[in-house]
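Notes for the one structure printed next.
Quick caveat, the model's predicted, so the values are computed rather than measured.
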Amino acid sequence: MANIERRLRIGWRVVLGVAIVLTVLCAGLLLAAIRNDHAIESHLGRAQADVDSVSFDRTIIRYVAQDGNLHSPSTGVLYPSGLSAGDLVWVEYDTTDPDLVRVAGRTARLTWMPLGSTVVATWVVAGPLLWWLGRRRKSLGAPGEPVAEAATEASEESPAA
């Protein structure tokens, strides 16, 4: 029984740890998006960009900045949903760092829904699982429970051979 209780305790800690890590990661992503938006708004430049390619992890664009140089940020553009290769789109960028670019009119507010739903879904799954693991552990005889005391007494009363 002690082995099962130990596994339940470890399982409870793992579930809690994963839920906390996912929550912290989502909060970090939101703060990073807000920081990027602030940097862009502090040194705002606008340009029309060509969408070169759209893939799962990034949307690559090309645009000419106010300084006359052609830029194509390797990390892609922020908030690219709905863009397709070949589109012309207005972008806003940080004039001190032309590789920090977002689609014009889009801000970190767009990240609230996906990040918020990820946090809610994480805790909707983790909450009941934590509750179930805790109940299972208590039913097996956590400290102070008669089941654990009875098991200890039985092992102490066994005759020595």
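Val18 and Val125 sit in two unconnected hydrophobic clusters of ILVMFWY residues. Membership requires side-chain heavy atoms under 4.5 Å apart, directly or through other members. No chain of hydrophobic side-chain contacts below 4.5 Å, direct or via other Ile, Leu, Val, Met, Phe, Trp or Tyr residues, connects Leu44 to Val77. With hydrophobic clusters built from ILVMFWY side chains whose heavy atoms lie under 4.5 angstrom apart, Leu115 shares a cluster with Ile34. One hydrophobic cluster holds both Leu110 and Ile40 under the rule that ILVMFWY side chains link at heavy-atom gaps under 4.5 Å. Trp132 is connected to Trp123 through a chain of hydrophobic side-chain contacts under 4.5 Å among Ile, Leu, Val, Met, Phe, Trp and Tyr, so both are in one cluster.
You'll find the side chain of Val103 stays beyond 4.5 Å of the side chain of Leu78, heavy atoms only. Using a 4.5 Å heavy-atom threshold, the side chains of Ser84 and Asp87 count as touching. Within the 4.5 Å cutoff, the side chain of Val15 has no heavy atoms near those of the Arg13 side chain. In this structure the side chain of Ser81 reaches within 4.5 angstrom of the side chain of Arg106, judged on heavy atoms. Proximity of Leu16 to Leu130: side-chain heavy atoms (C-beta onward) are separated by under 4.5 Å at one or more points. With a 4.5 Å cut-off on side-chain heavy atoms, Asn36 and Leu100 count as touching. Taking 4.5 Å as the limit, some side-chain heavy atom of Leu83 sits within range of a side-chain heavy atom of Val89. Residues Val101 and Asp99 have side chains not in contact (no heavy-atom distance under 4.5 Å, counting atoms from C-beta outward).
Counting Ile, Leu, Val, Met, Phe, Trp and Tyr side chains that sit under 4.5 Å apart, directly or through other members, Leu31 stands alone, with no cluster partners.
No more than 12 heavy atoms of other residues, nucleotides or ligands shown are found within 6.0 angstrom of CZ on Arg109.
Heavy-atom minimum distance, Ala85 versus Val54: N-CG2, 3.8 Å. Thr59 and Pro80 get closest at one heavy-atom pair: OG1-CB, 3.3 Å. In terms of heavy atoms, Leu30 sits closest to Ala108 at CD1-O, 4.3 Å. Taking both residues in full, the closest heavy atoms of Thr122 and Ala19 are given as CG2-CA, 3.6 Å, listed atom of the first, atom of the second, then distance. Residues Ala104 and Arg46 come closest through the heavy atom pair CB-NH1, 3.8 Å.
Taking CD1 of Ile20 as the start and CG of Leu25 as the end, the distance is 12.0 Å to the nearest 0.5 Å. Once rounded to the nearest 0.5 Å, the distance linking CZ of Arg136 with CG of Leu8 reads 6.0 Å.
Residues satisfying the salt bridge (Lys or Arg N to Asp or Glu O under 4.0 Å) criterion with Arg102, sequence neighbours excluded, are Asp37, Glu41, Glu92. With sequence neighbours left out, Asp94 forms a salt bridge (Lys or Arg N to Asp or Glu O under 4.0 Å) with no residue at all.
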Show me, pair by pair, the donor-acceptor contacts under 3.5 angstrom made by side chains of residues 64-73, not counting sequence neighbours?
residue : atom : partner : partner atom : Å
Asp67   : OD1  : Asn69   : N            : 2.9
Asp67   : OD2  : Asn69   : ND2          : 3.3
Ser72   : OG   : Ile61   : O            : 2.9

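Residue pairs satisfying the ring-ring contact (aromatic ring centres under 6.0 Å, His included) criterion with at least one member in residues 11-45, sequence neighbours excluded, are absent. Sorted by first and then second residue, the pairs that involve residues 89-122 and meet ring-ring contact (aromatic ring centres under 6.0 Å, His included), not counting sequence neighbours, are Tyr63-Tyr93.
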